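Each remark here refers to the structure printed beneath this line.
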Amino acid sequence: MTPDPFAAAAPAIFAAFADRERIVYTQGSVVLPPISAIRIDADAGDLLGSTPAAVSYEIRAADLPAPPSKRDHFTHRGRRWNVEERKALEDVAGWRVFVVDAGPVA
């Protein structure tokens, strides 16, 4: 079996695209140490103007003790984000979480 060349490059690619400001993720009632994430400001459908703007984040699975849930939230760039949906990204060992802006951090 030929090794996947992209699997070895995944950590470097993540580091290159991760936002410099880390997110502070709360899972259940536990505030986790700050973690890196890639912010994605729109889905492909938004390019056609057929869907409202969407915000999602790609997070490494190893950075969360459990899969993301709707009870989770995090802060980033002075805003609080509530998790609405999640999608497993098995090819890069991560999660894509779709979020809703819950307002400024108090």
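Keep in mind that the numbers below use all heavy atoms, side chains included, and drop hydrogens, waters and symmetry copies. All values derive from a computational prediction rather than experimental measurement. Numbers here simply count residues along the sequence, with the first being 1.
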* Asked: Y25 and V30: same hydrophobic cluster, using ILVMFWY side-chain contacts below 4.5 Å?
  -> yes
* Is there a chain of hydrophobic side chains (I, L, V, M, F, W, Y, each step under 4.5 Å between heavy atoms) that links W95 to V92? -> no
* For this output row, return yes or no: ring centroids of Y57 and H76 closer than 6.0 angstrom. => yes
* **Residues forming a side-chain contact (heavy atoms from CB on, under 4.5 Å) with E85, sequence neighbours excluded** => F98
Output side-chain donor-acceptor pairs under 3.5 Å for residues 9-16, partner residues at least two apart or in another chain, one line each.
none

List in chain and number order the residues that pass side-chain hydrogen bond (donor to acceptor under 3.5 Å, both in side chains) with [X], two or more places apart in sequence or in another chain; answer none if no residue qualifies.
{"X": "R20", "value": "none"}
{"X": "S69", "value": "D72"}
{"X": "D101", "value": "R79"}
{"X": "R86", "value": "none"}

Extract all donor-acceptor atom pairs below 3.5 Å that involve side chains of residues 31-38 and protein atoms in other chains or at least two apart in sequence.
none

* Asked: If only atom types and distance count, is the side chain of E84 paired as donor or acceptor with the main-chain N or O of V99 below 3.5 Å?
  -> no
* To do: Determine whether F17 and I40 make a side-chain contact, defined as any pair of heavy atoms from C-beta on separated by less than 4.5 Å.
  => no
* Heavy-atom check, side chain of V97 versus side chain of W81, under 4.5 Å -> no
* Examine the side chains of T75 and R80 and answer whether a donor and an acceptor come within less than 3.5 Å of each other. => no
* salt bridge (charged side-chain N to carboxylate O under 4.0 Å, His left out) partners of R39, counting only residues at least two apart -> D41
* Structure fact -> Between S56 and R96, the two heavy atoms sitting closest are OG-NE, 2.9 Å
Without placing hydrogens or testing angles, list every side-chain donor-acceptor pair under 3.5 Å for residues 58-67, not counting sequence neighbours.
unit_1 : atom_1 : unit_2 : atom_2 : d
R60    : NE     : D63    : OD2    : 3.1
R60    : NH2    : D63    : OD2    : 3.4

* **Spatial distance of atom CZ (R77) from atom CD1 (I23) [nearest 0.5 Å]** => 11.5 Å
